[in-house]
Amino acid sequence: MEKHDFVTIADLSKEKIMYLMNMAQAFEMHPNREILKGKVVATLFFEPSTRTRLSFETAANRLGARVIGFSDAKVTSATKGETLKDTILMVSNYADVIVMRHHIEGAAQYASEIAPVPIVNAGDGAHQHPSQCLLDLYSIYKTQGTLENLNIYLVGDLKYGRTVHSLIMAMRHFNPTFHFIAPEELAMPEEYKLYCRQHGIKYIEHTDFNEDVIAGADIIYMTRVQKERFSDLMEYERVKDVYILKNDMLGKAKENMKILHPLPRVNEIAYDVDENPHAYYIQQAQNGLYAREAILCDVLGISLEEVEADTTIIK
Ligand code: CP
């Protein structure tokens, strides 16, 4: 059987995205099952994580699989000089699928080329975060009832924010209009603007972020300024608090507008927004469980039909 990785969102067709939306929906209805009983899922996190690692591990546990792995590379033989290649080959001896986060862009792609088991990219540097993208798509689909023709405002660190890079690529199938709102130093990189132009994706760049601007949005996607990617911390200090979403900026928002954030937040969304019905970032993280249940099953060769016919559901 052909090995099936989940390394980039750019490869996914519209049909495949909608297929995975349907699978996530099936898991939201029945998240607890034994459909992965007997499988071992490895989570290799060379970079810190709360949501991605824990939701993948929860997904594996709730589907009956067992989990091995590490959340800190400092406790592994990488500190003794073991290469990524050897680490991946070793873990392939033990696990049926490897979920990995690494600071090097392209690390998951490399792993997928050498590993005999499926690789799931849980974030590679400032490059891609495809499982976050799938849960973002699921959150948008759930709240808007469609992925088509939406006005999506990406705000904050558009240079280093891998989640917004993945979202642009995935949304190419759905005729979005993007607004890129970032300080000049953290503007959307030229390669992603080129990608938009090549794929007919409409985008507008501006620096204003106020009540009148927000009035046009279906989705506001806030991002954290990625301190860990700056070589000059003075520059980080200059840009870190340029955009802060506050409750009093939401008075003219469309009724069904939702605020997303991949989290963690540092200071980009004031705490007074949390009680506002437009706030959706906590539920968004919960959707990560269902999206990641779908990803694990998909890479392990379990189809939507099998999920729908599954008799291992635990009520
Ligand atoms: N959204 C996200 O990737 O969060 P973590 O870094 O906590 O996994």
Side-chain angles (χ1 to χ4, degrees), residues 6-9 20 24 41-62 67 69-74 97-108 111 119-143 152 154-171 186 219-230 236 240 245 258-269 273-274 279-296:
F6 191 82
V7 167
T8 171
I9 209 79
L20 290 171
V41 176
T43 55
L44 311 188
F45 277 68
F46 294 86
E47 269 197 332
S49 167
T50 296
R51 276 147 295 276
T52 310
R53 184 175 66 83
L54 293 179
S55 60
F56 264 118
E57 293 187 358
T58 305
N61 280 304
R62 287 191 182 274
V67 177
F70 53 82
S71 57
D72 182 352
K74 287 206 282 293
V97 54
I98 295 174
V99 178
M100 63 176 281
R101 171 172 287 188
H102 202 281
H103 54 277
I104 296 178
E105 297 187 18
I119 296 290
V120 176
N121 182 4
D124 59 328
H127 184 220
Q128 288 260 323
H129 196 345
S131 70
Q132 176 72 42
C133 186
L134 199 72
L135 79 89
D136 292 342
L137 293 172
Y138 186 56
S139 299
I140 295 169
Y141 185 61
K142 248 176 89 170
T143 60
I152 301 179
L154 307 178
V155 185
D157 184 350
L158 307 187
K159 180 178 179 185
Y160 297 116
R162 57 195 173 195
T163 64
V164 293
H165 301 160
S166 292
L167 191 59
I168 287 172
M169 292 181 159
M171 287 302 294
L186 298 177
I219 295 290
I220 295 181
Y221 194 103
M222 299 297 296
T223 62
R224 175 179 66 90
V225 176
Q226 310 253 311
K227 183 178 182 181
E228 64 275 27
R229 316 250 180 248
F230 281 76
Y236 168 73
K240 69 176 182 175
L245 181 60
K258 294 295 176 203
I259 302 160
L260 304 186
H261 190 313
L263 304 178
R265 72 173 140 178
V266 178
N267 203 25
E268 313 78 49
I269 302 179
V273 177
D274 291 1
Y280 194 74
Y281 28 92
I282 303 298
Q283 298 96 313
Q284 178 189 0
Q286 184 182 19
N287 291 335
L289 170 62
Y290 316 126
R292 287 173 174 132
E293 287 188 323
I295 292 167
L296 288 178

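First listed ligand is number 1; within each ligand, the first listed atom is number 1.
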S.K.: Would you mind listing which atoms of ligand 1 come within a distance below 4.0 Å of any non-hydrogen atom of L263?
M.R.: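 Result: 1 (N), 2 (C), 4 (O).
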S.K.: Just heavy atoms, cut-off under 4.0 Å: does T163 contact ligand 1 by side chain, backbone, both, or neither?
M.R.: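 Neither part.
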S.K.: Does the side chain of R53 come under 3.5 Å of the side chain of T43 through a donor N or O and an acceptor N or O?
M.R.: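 Judged by distance alone, the side chains do not pair up.
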S.K.: Hey, does T50 come in under 3.5 Å of ligand 1, counting only N/O atoms on both sides?
M.R.: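 For ligand 1, there is an N or O atom that lies under 3.5 Å from one belonging to T50.
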S.K.: Does ligand 1 have an atom under 4.0 Å from some heavy atom of R101?
M.R.: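 Contact check R101 vs ligand 1: positive.
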S.K.: Tell me which protein heavy atom sits closest to atom 4 (O) of ligand 1, plus the residue, atom name and distance to 0.1 Å.
M.R.: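 For atom 4 (O) of ligand 1, the nearest protein heavy atom comes out as R51 NE, 3.1 Å.
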S.K.: Between R229 and E47 (salt bridge meaning N to carboxylate O under 4.0 Å), is one present in this structure?
M.R.: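 Here R229 pairs with E47 in a salt bridge, since their nearest N and O are under 4.0 Å apart.
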S.K.: Would you mind finding which of H261, H129, Q132 brings a heavy atom closest to atom 3 (O) of ligand 1?
M.R.: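 Of the listed residues, H129 has the closest heavy atom.
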S.K.: Show me which atoms of ligand 1 lie under 4.0 Å from any heavy atom of T52.
M.R.: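 Close to T52: 2 (C), 3 (O), 4 (O), 5 (P), 8 (O).
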S.K.: What's the shortest heavy-atom distance between Y281 and L263, and which atoms?
M.R.: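 In terms of heavy atoms, the two residues are closest at O-CD1, 3.9 Å.
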S.K.: Would you say the side-chain atoms of R101 and H129 include a donor-acceptor pair closer than 3.5 Å?
M.R.: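 Side-chain D/A pair, R101 to H129: present.
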S.K.: Who's the nearest protein heavy-atom neighbour of atom 1 (N) of ligand 1, and how far?
M.R.: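 Here the nearest protein heavy atom works out to P262 O, 2.8 Å.
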S.K.: Is the ring pair H102/F46 parallel, tilted or perpendicular, if the boundaries are 30 and 60 degrees?
M.R.: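 Aromatic pair H102/F46 classed tilted.
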S.K.: Any side-chain to backbone donor/acceptor pair from D124 onto A108? Under 3.5 Å, distance only.
M.R.: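 Not confirmed, D124 side chain does not pair with A108 backbone.
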